[in-house]
Amino acid sequence: MRRANALDDKGFVRMGANILRPLETSLPGVFAIGDVRAGSVKRVAAAVGEGAQVVAALHAFLAESGDKAPLPSNIGRY
C-alpha cells in the first residue's frame, strides 16, 4: 500500500491536526511549506518563515521519535 499526503480538492497538501507541529502533513515527519500547502498566502516571505519554523519542528520530531521514525516508501519519487 502506497502512503501519500492528503490533498485538498485543488491539489494542495493538507496539514495534519498536530497542534505542536502545525506544518506537518498527514504523514508523520513530513512537512509542507509555501505554495504547495493548503491555506498558504503564496508569498516568498511567508514560505521562508514557514521553512524556518519547520526546521525547529523537524528537530523536535526527530528528538521525539529517535530511530523509530518511519520513512515513507515513496520518498524521492514523484
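For clarity, every value in this text was computed on a predicted model and none was experimentally measured.
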Nearest 0.5 Å, what's the CE-OG1 distance between M15 and T25? 6.5 Å

Treating Ile, Leu, Val, Met, Phe, Trp and Tyr as nodes and any side-chain heavy-atom pair under 4.5 angstrom as an edge, say whether L62 and F31 lie in one connected cluster. yes

Considering only heavy atoms from C-beta outward, does the side chain of Q53 approach that of L23 to under 4.5 Å? yes

From E24 atom CD to L58 atom CG, the distance as rounded to the nearest 0.5 Å: 9.5 Å

Verify the cluster assignment for I33 and V13: are they in a single hydrophobic cluster under the rule of side-chain heavy atoms below 4.5 Å apart? yes

All side chain to side chain donor-acceptor pair (under 3.5 Å) counterparts of S26, not counting sequence neighbours: none

Please list, chain by chain and in numerical order, all residues satisfying side chain to side chain donor-acceptor pair (under 3.5 Å) with K42, sequence neighbours excluded. S40

Within a strict 4.5 Å, meaning less than it, do heavy atoms of the E64 and H59 side chains meet? no

Residue pairs meeting salt bridge (Lys or Arg N to Asp or Glu O under 4.0 Å), one or both in residues 44-59, sequence neighbours left out, come to R37-E50

